[in-house]
Colleague: 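Below: one structure in structure tokens.
Below, read A as the first sequence line, B as the second, and so on, with proteins coming before strands; counting in each chain starts at 1.
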2 protein chains.
Amino acid sequence: MLHTEVVGAIRAMLLEGEIPPGARIPERELCDKLQISRTPLREALKVLAVDGLVQLLPNRGARAAKLTDKDLRDLFEVCQGLEALAGELACERIGDAQVATIEAAHIEMAQHHREGDLAGYYRCNRLIHEAIVAAADNPVLSGLYESVTARIRRARYVTPMTPERWALAMQEHDAILNMLKRRDGFGLAHILHTHLRHKREEVIRAGFAEDGRMSEIDR
Amino acid sequence: MLHTEVVGAIRAMLLEGEIPPGARIPERELCDKLQISRTPLREALKVLAVDGLVQLLPNRGARAAKLTDKDLRDLFEVCQGLEALAGELACERIGDAQVATIEAAHIEMAQHHREGDLAGYYRCNRLIHEAIVAAADNPVLSGLYESVTARIRRARYVTPMTPERWALAMQEHDAILNMLKRRDGFGLAHILHTHLRHKREEVIRAGFAEDGRMSEIDR
DNA sequence: TTTGGAAATTTTGAATGCAAAATTGCGATT
DNA sequence: AATCGCAATTTTGCATTCAAAATTTCCAAA
């Protein structure tokens, strides 16, 4: 299944920043690197254009999409909506075992917080958010969530936090776990919504956007 | 821009049911019909597979995706989430003129309801929902909404309603307009959420799913 | 030196070609 | 008559080719 692998390979390059945002993507060059012909490569580029990772310019090739401040805002907003929905549905469907798994990740995350280990914190954090989405048992939701979060992952999990913000985020996560245990879908949706809004404000304040002044060659 | 047009043409065929759900899509045949070669056709099929309209089977071609009851549930749930989010954002951003446009559509819709004109009702209904999403001023949200609603459009806007359900839907729309006028994002999100849940229950009760018993040749 | 513009080169978009996989058709065997 | 197996045909996946568009190069003129 060559085509699928190519999509994955290019997606990884884009998400890792191996192909920097805004950079042109010369077909020939990528073909050489991936050892494939242009046909599957071009199919992959069109697929990636659908979920916004690549921008296709007619007769002028493809380039890695840039995240503007507006893009970040829009993506985080949608993420808010999707996670809130996921929380609500998860409360209807999650089993005790799944809650226990999340609680374990939560406890480990709190430990990382106390130790000031941001990378460890983010790792557990991500596990928790993804577990809630998985618990919603809705493949359409999972797919959209994956697509949206992939685009903001670096912003979300790289931006440093002030101690105050970090403490607040931990408090919010305490509330998230609580709502989940109580199966309070409404409350969980609300707190997730707020949690993500805070994260968004933080990321945008940090100025993560990739739409700096373009150099001439970027045009 | 051949590729884009091909995607549109095939999407239309799938949504209109011109290619029935579950049917195989022989490349050669479609190429002849659209007067194109296999390359852009195959690109289009892969693009359509991304948003779930087409199912790609390795070495065995493409087929029009079927909507199972589970798919309908999942899609409606996501739609609930997206519309609720749209409502909330719309209240922060919508202008008086846009509200006035929606109110006009609402009034016309109420008239259609009184006259028992279901088609006219649905037409206005759709305008209102789409206007709310547009007012959220979030292209990512609009894109996902379009993709999700396209797949359930026939179910949503074809299913007949009992007089009671129809009256309830109208009541809900009165509330929607009210919340919008008052810019009550929270309330609007809630009522939209409920409104869509009712619609979903209705559609699933009506048994719109396309996953009936497969005949042998469908395999 | 800088600018204008045409020719050469590169790159893109789509058609065609080719090998591998899957499907079909047909006949032999039970 | 039904079933199995194998060859013929079709269909798919990818590579290659070809024409059109865009980009670059290069040289002449201001």
Side-chain angles (χ1 to χ4, degrees), chain A residues 1-14 18-66 213-219, chain B residues 1-14 18-66 213-219:
Chain A
M1 228 173 305
L2 190 41
H3 160 260
T4 321
E5 296 162 29
V6 174
V7 171
I10 302 177
R11 170 176 280 131
M13 288 188 217
L14 291 166
E18 189 178 330
I19 300 175
R24 292 201 50 187
I25 303 176
E27 293 181 1
R28 182 58 56 96
E29 193 178 304
L30 256 191
C31 287
D32 293 346
K33 190 179 305 197
L34 299 175
Q35 295 290 328
I36 54 170
S37 77
R38 286 177 56 222
T39 307
L41 180 87
R42 289 170 54 78
E43 288 172 354
L45 289 176
K46 286 185 170 63
V47 165
L48 291 167
V50 172
D51 46 44
L53 283 169
V54 159
Q55 190 182 2
L56 255 34
L57 304 110
N59 286 317
R60 310 181 78 226
R63 55 177 59 216
K66 278 188 185 181
R213 288 259 149 271
M214 285 198 287
S215 65
E216 288 303 320
I217 59 163
D218 276 356
R219 296 266 154 68
Chain B
M1 228 172 309
L2 188 43
H3 159 260
T4 321
E5 296 161 29
V6 174
V7 172
I10 302 178
R11 171 176 278 129
M13 287 187 215
L14 291 166
E18 188 179 332
I19 300 174
R24 293 202 50 188
I25 303 177
E27 294 180 2
R28 182 55 58 95
E29 193 179 302
L30 255 191
C31 287
D32 293 347
K33 189 178 306 193
L34 299 176
Q35 294 291 328
I36 55 172
S37 76
R38 286 177 56 222
T39 305
L41 180 87
R42 289 171 55 79
E43 289 172 354
L45 289 175
K46 285 184 171 64
V47 165
L48 291 167
V50 172
D51 46 45
L53 282 170
V54 158
Q55 191 181 3
L56 254 35
L57 304 113
N59 287 317
R60 310 182 75 227
R63 58 177 57 215
K66 278 187 185 182
R213 289 259 150 269
M214 286 197 289
S215 64
E216 288 304 320
I217 59 164
D218 276 354
R219 296 263 156 69

Colleague: In this structure, how many angstroms lie between the P atom of C:dA14 and the CZ atom of A:R42, rounded?
Modeller: 7 Å

Colleague: What is the distance, rounded to the nearest whole Å, between atom CZ of B:R63 and atom P of C:dA22?
Modeller: 15 Å

Colleague: Given the rule in the side-chain contact (heavy atoms from CB on, under 4.5 Å) test, do A:K46 and A:V54 qualify, once you have shown the distances and angles that lead to the verdict?
Modeller: CA-CA 8 Å; A:K46 286 185 170 63; A:V54 159; over 6 Å; no

Colleague: Might you point out which heavy atoms bring B:L41 and B:V6 nearest each other, and give the distance in Å?
Modeller: CA-CG1, 4.3 Å

Colleague: For A:H3 and D:dC14, what is the distance between atoms NE2 and P respectively, to the nearest whole Å?
Modeller: 8 Å

Colleague: Output the rounded distance in Å from CZ (B:R28) to C1' (C:dG17).
Modeller: 11 Å

Colleague: Which one, D:dC14, D:dT23, C:dA22, comes nearest to the side chain of B:R60?
Modeller: C:dA22

Colleague: Give the intermediate values and the outcome of side-chain contact (heavy atoms from CB on, under 4.5 Å) for residues B:V7 and B:E43.
Modeller: CA-CA 8 Å; B:V7 172; B:E43 289 172 354; over 6 Å; no

Colleague: Is any side-chain heavy atom of B:R11 less than 4.5 Å from a side-chain heavy atom of B:L53?
Modeller: yes

Colleague: I want to verify a distance call: between C:dA15, D:dT16, C:dT12, whose nearest atom is closest to the A:E27 side chain?
Modeller: C:dT12

Colleague: For B:I25 and B:T39, find the nucleotide of DNA chain D closest to each by heavy atoms; which residue's nucleotide sits nearer the 5' end?
Modeller: B:I25

Colleague: Rounded to whole angstroms, how far apart are CG on B:L34 and C1' on C:dA14?
Modeller: 14 Å

Colleague: Rounded to the nearest angstrom, tell me the gap between atom CD in B:E43 and atom C1' in C:dT12.
Modeller: 11 Å

Colleague: Pick the closest DNA chain D nucleotide for A:N59 and for A:I36 by heavy atoms, then say which residue is nearer the 5' end.
Modeller: A:I36

Colleague: Does a nitrogen or oxygen in the side chain of B:R24 sit under 4.0 Å from OP1 or OP2 of D:dT12?
Modeller: yes

Colleague: Report yes if some heavy atom in the side chain of B:M13 is under 4.5 Å from a heavy atom in the side chain of B:L34; otherwise report no.
Modeller: yes

Colleague: Give a yes/no on whether any side-chain N or O of A:R38 is located under 4.0 angstrom from OP1 or OP2 of C:dT11.
Modeller: no

Colleague: Rounded to whole Å, how long is the line connecting atom CG of A:L45 with atom P of C:dA14?
Modeller: 14 Å

Colleague: Given atom CG of A:L41 and atom C1' of C:dT11, what is their separation to the nearest angstrom?
Modeller: 13 Å

